[in-house]
Novice: 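Once you've had a glance at the structure underneath, I'll fire off some questions.
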Amino acid sequence: DTEVTQTPKHLVMGMTNKKSLKCEQHMGHRAMYWYKQKAKKPPELMFVYSYEKLSINESVPSRFSPECPNSSLLNLHLHALQPEDSALYLCASSQPNFIGTGSEAFFGQGTRLTVV
Amino acid sequence: DAKTTQPPSMDCAEGRAANLPCNHSTISGNEYVYWYRQIHSQGPQYIIHGLKNNETNEMASLIITEDRKSSTLILPHATLRDTAVYYCIVKGGSRLTFGEGTQLTVNP
């Protein structure tokens, strides 16, 4: 099983709402990632978890709050978003990559988020 | 992580080999070269990665120059379903950073 499952596939939320995106993998990977992708642009890294601990935060605004409750699950909690936050949010997982090692990352199909 | 340079777009005839170049002149000795592709509105798909030696799998071949400053992804017999944005990424450690990529269009 090389699948990363993201739910929901589509989400429309108001600027005052609180919602969560969910990502799940059962490949035994201990690194998980959140990316944001705007139309016609490459994915931008937001967060990296390694062994369930946040290892990289790419200066993401606090209205995005990641959580890794266990080695198979990754959540992204959303609160007070702006219309410009509308994008495709992608989750990925891999074995942890240390300097000098390489392993592939598997991506989910993403959640298409629209903030109104 | 080292920066990569790719042509913004390429065309290929169906059934022919597609050769996608990538320059990564600032790559360091412990950084890997990865290739991913993204078909419209789907998540990126891993294709292949390598450190020094040429690599081949069921999807593609990766040719890395001896000085490691550039590489070429080869799709041996391109099909219409290979139309996608192809990303060349140089990676050391946990940060997988995408550049602008190459839009490959396979024409019938």
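Chain letters run A, B, ... following the sequence lines, proteins first, then strands; residues in each count from 1.
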Novice: Determine the option with the most heavy-atom pairs under 4.5 angstrom with chain A, choosing from B/Gln42, B/Gln45, B/Gln103.
Specialist: B/Gln42

Novice: So what's closer than 4.5 Å to chain B heavy atoms on A/Ala31: side chain, backbone, both or neither?
Specialist: neither

Novice: For the residue pair B/Tyr36 and B/Tyr46, does the interplanar ring angle fall in the parallel (under 30°), tilted (30 to 60°) or perpendicular (over 60°) class?
Specialist: perpendicular

Novice: Would you check if B/Ser70 and B/Cys22 make a side-chain contact, meaning some heavy-atom pair closer than 4.5 Å?
Specialist: no

Novice: Stepwise, does the side chain to side chain contact (heavy atoms under 4.5 Å, CB included) test hold for A/Phe106 with A/Met27?
Specialist: CA-CA 10 Å; A/Phe106 294 89; A/Met27 293 177 276; 3.9 Å; yes

Novice: As an exercise: rank A/Cys91, A/Gly110, A/Ala105 by heavy-atom pairs under 4.5 Å with chain B and give me the winner.
Specialist: A/Ala105

Novice: Counting C-beta onward and ignoring hydrogens, is there a side-chain heavy-atom pair between B/Thr105 and B/Asn107 closer than 4.5 Å?
Specialist: yes

Novice: Hey, is the main chain of B/Ser28 close enough, under 3.5 Å, to the side chain of B/Arg68 for a donor-acceptor pair?
Specialist: yes

Novice: If you count heavy-atom pairs within less than 4.5 Å of chain A, which of B/Pro44, B/Gly43, B/Gly99 leads?
Specialist: B/Pro44

Novice: Looking only at heavy atoms, which of residues 33-43 of chain A get nearer than 4.5 Å to chain B?
Specialist: A/Tyr33, A/Tyr35, A/Gln37, A/Lys41, A/Pro42, A/Pro43

Novice: For residues A/Arg30 and A/Tyr51, is any side-chain donor paired with an opposing acceptor at under 3.5 Å?
Specialist: no

Novice: Please report the C-alpha distance between A/Cys23 and A/Val4 in whole Å, then the side-chain angles of each, then the deciding distance to 0.1 Å, and finally whether the side chain to side chain contact (heavy atoms under 4.5 Å, CB included) criterion is met.
Specialist: CA-CA 7 Å; A/Cys23 174; A/Val4 175; 3.5 Å; yes

Novice: Heavy-atom distances under 4.5 Å only: say whether A/Glu58 touches chain B with side chain, backbone, both or neither.
Specialist: side chain

Novice: Give a yes-or-no answer on whether the side chains of A/Ser50 and A/Ser55 include a donor-acceptor pair shorter than 3.5 Å.
Specialist: no

Novice: Evaluate B/Ile64 against B/Ser71 for side chain to side chain contact (heavy atoms under 4.5 Å, CB included), listing each step before the verdict.
Specialist: CA-CA 4 Å; B/Ile64 302 175; B/Ser71 61; 4.2 Å; yes

Novice: Looking only at heavy atoms, which two atoms of A/Ser20 and A/Pro8 are closest? And how far apart?
Specialist: O-CD, 4.2 Å

Novice: B/Asn23 versus B/Thr4: any side-chain heavy-atom pair under 4.5 Å?
Specialist: no

Novice: Suppose a student defines contact as a heavy atom less than 4.5 Å from any heavy atom of chain B. Which residues in residues 59-80 of chain A would they list?
Specialist: none

Novice: Using every non-hydrogen atom in the two residues, find where B/Leu80 and B/Val106 come nearest and quote the distance to one decimal.
Specialist: CD2-O, 3.4 Å

